[in-house]
Amino acid sequence: MDGVRRGDAATPPPPIGCALPPEAPLAMPVQPFAQAPRRAHPPRRSWSLGLRRTCVIGGTLLLTALAAREMYRVLDVGGLTLLEYAVLGLFVLLFAWIGFSFTSAVSGLPTLLRPPHGRLGIEPDGPLPALARRAAILLPVYNEDPARVLAGLEATCESLGRTGALASFDVFVLSDTTDPGIWIAEEAGFLDLRARIGGEAHLFYRRRPRNTGRKAGNIADWVIRFGGAYESFLILDADSVMTGACILRLAAAVEADPRIGLVQTLPVIVGGRTLFARLQQFAGRLYGPLIAHGLASWHGPESNYWGHNAMIRTRAFAEAAGLPELPGPRPFGGHILSHDFVEAALLRRRGWEVHLVPWLEGSYEEGPPTLTDLAIRDRRWCQGNLQHIAVLPARGLHPISRLHLLTGIGSYITAPLWLAMLLGGLATALQARFVPPDYFPSGLALFPTWPAQDPVRATWVFAATMAVLLAPKLLALLALMASKRGRRGFGGAARATLGVVAETLLTGLLAPVTMLTQSAAVVGILAGRDGGWQPQRRDDGRLGRGAILRYFLPHTLAGLALGAAALSISLPLFLWMTPVVLGLTLAVPLVMWTGAARPRTGWLFRTPEEQAPPRVLERARERRRTAAQRPAVPAEAVRRLAGCPELLAFHRAQLPRGGERARGDHAPERLVARAKIEDAPDLATALGLLSQREKAAALGDRQALDALLALATQAAPSAAPDAAHPVTRVAAST
């Protein structure tokens, strides 16, 4: 797979039907959790890394112990009741969670102020390195809008081309799409892209008939079939955009250090148009670097993996990251949904290093446009992270890898714990208000036992807790103020400060809504309900008011109930609980308001990528606008194929031949589809009889496809090729 065979400009392009390179198989065995494998490399020792970990974990324990002592004193007025002991236990767990986040963020402040350029051989401002071996870029897609996805890929490839290193990379669009209309649109968009950027020698497309193992299975299929030809590969998400310089430096780092199994930088959230998306974008851009530098400072070679925008050594991934199916029924059994954490842990278990380099810029992604979209995505992530309970006992995992899995579980378990503590605190107040003292407690006692708390000390504990919770935001803002370039990127110190205040207030109102949503998700998963895997909505169109009302009306009712309970006890308690009560009660209007599109030039929540957009992002937006302005083409897949000979020829070339049917190709649906098509008098009737799965199976079967095309020809015998089709336009222009 050298540059002469597929990178030399003198090599004639392959025919239009050629969508894949020659296979280069690479074994990817399933990794057993019950047996620790042999390490590929012995671990590197670092006393400074050990010291940083001691400071982070030891600092967390110290802060938690101090907070637990003070909370005990708050509750220990006349003795603790059983309910107060429960509240104390919940407080200790939750304070440890925010204390851990605080100490981790603080550890990143030194490197944020003075980034460690040169680590792993990565110099962000130095000359671009050269690659000696081939690498691949993988774009897994699943029922996504092809125009949006391919626009980002095109911008990324163009940026890589400007570095002069595009010939060192092969680019694969790996489709798991099940919707037949989107499938054909993907093929059309791929051909359009390949014709436009001249990528015949290094741009490839592959679709699996069944998305076994979902995204992880999609990547594994590529590794097994083609991985042997590549030193490393980069995984993109459907909304990812990366600069060529960033990709090249990551690939060179993997190539230069034989111990590295995976290296990634911090993806920056961009492209937000709704208020909710802009809130996430602003918060991620301002606070994210401090958090990421903190993680990198004490994770070292045991860093985590976020599933995309990461460069991975192919051989390391193949030998270490083959995922088993978890035993038992869904939602805990079956394919591992949150596969990235587990893959990082398995790479490290085998001795490969996993690194985070947050000072390297040029990695971008998009965030969910509304709180509803975040809740839908979180439901899947919650199920995947709870599956990690079954991975924790795996033998040979590094302690830091186990900690990654625990924090992933905790990121969702803490929501019902916060809710339980809130309800427990309300119950203790009710107990103190309405339960009479116990004048005859069991055992020896000189005084009666009654439920009571120390309100003054409780105020100080609350203030200290909020300080620990909000301190990372303040530290990130102070670090920003120390950088002239950083201040300019956020529109100045005053605008950045006001943005932090506004973001804190708005997220404070949205936090109770998220808490209740995640709590319901955890309860549903524990009850055995499988959330499935739905494609993410990435545009900024609103959901209907009816859907929002149905989804968030329970939050409103819960807020009203909490407010009424607090007010029945005392007005001061109601005032204390106002942020939670207000956020839940106003859930529906909050979701509608924050889900509305805002102009990109809004005064608040500006980010550096809006002040001075990178060229690669501008190019991606331009390509999306161009795609949206193209003349309409037939949306129905069969008519689209019948109207474009080039697209039909390409589609036919991807179908299995004779005995090539492997890995399951919708065999039952294929046979049913054949029978329905044979009985149909015309195309409209045939399409009406077929389900989505049957139609996809028919488009993947030569006999059924020929029958559908024959019906299409009968319906429009004089139909000419689709002049609006992108492939036809390109062919005509050349």
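Model, not experiment: these values are computed from the prediction. For the single chain, residues carry numbers from 1 onward in sequence order.
Among all heavy-atom pairs drawn from L689 and A680, the shortest one is CD1-CB, 4.4 Å. Taking all atoms of both residues into account, the shortest heavy-atom contact from M311 to A251 is CE-CB, 3.7 Å. Considering every non-hydrogen atom in both R214 and R208, the closest pair reads O-NH2, 3.3 Å.
Between the side chain of R330 and the main chain of G334, no donor-acceptor pair closer than 3.5 Å is present.
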Worked verdict on W222 versus F204 for ring pair (Phe, Tyr, Trp, His ring centres under 6.0 Å): CA-CA 12 Å; W222 177 87; F204 305 104; over 10 Å; no

Verdict with supporting geometry, F233 and F172, ring pair (Phe, Tyr, Trp, His ring centres under 6.0 Å): CA-CA 10 Å; F233 64 93; F172 291 80; over 10 Å; no

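Contact annotation: the side chain of F332 approaches that of I525 to within less than 4.5 Å [non-hydrogen atoms, C-beta and beyond].
Within a 6.0 Å sphere centred on CZ of R133, heavy atoms belonging to other residues, nucleotides or ligands number 12 at most.
Judged by distance alone, the side chains of Y205 and E186 do bring a donor and an acceptor atom under 3.5 Å apart. A side-chain donor-acceptor contact under 3.5 Å links Q692 and D179. A donor atom on one side chain and an acceptor atom on the other are not found under 3.5 Å apart for R207 and Q654.
Of the listed residues (E154, E158, E618), just one forms a side chain to side chain donor-acceptor pair (under 3.5 Å) with R623, and that residue is E154.
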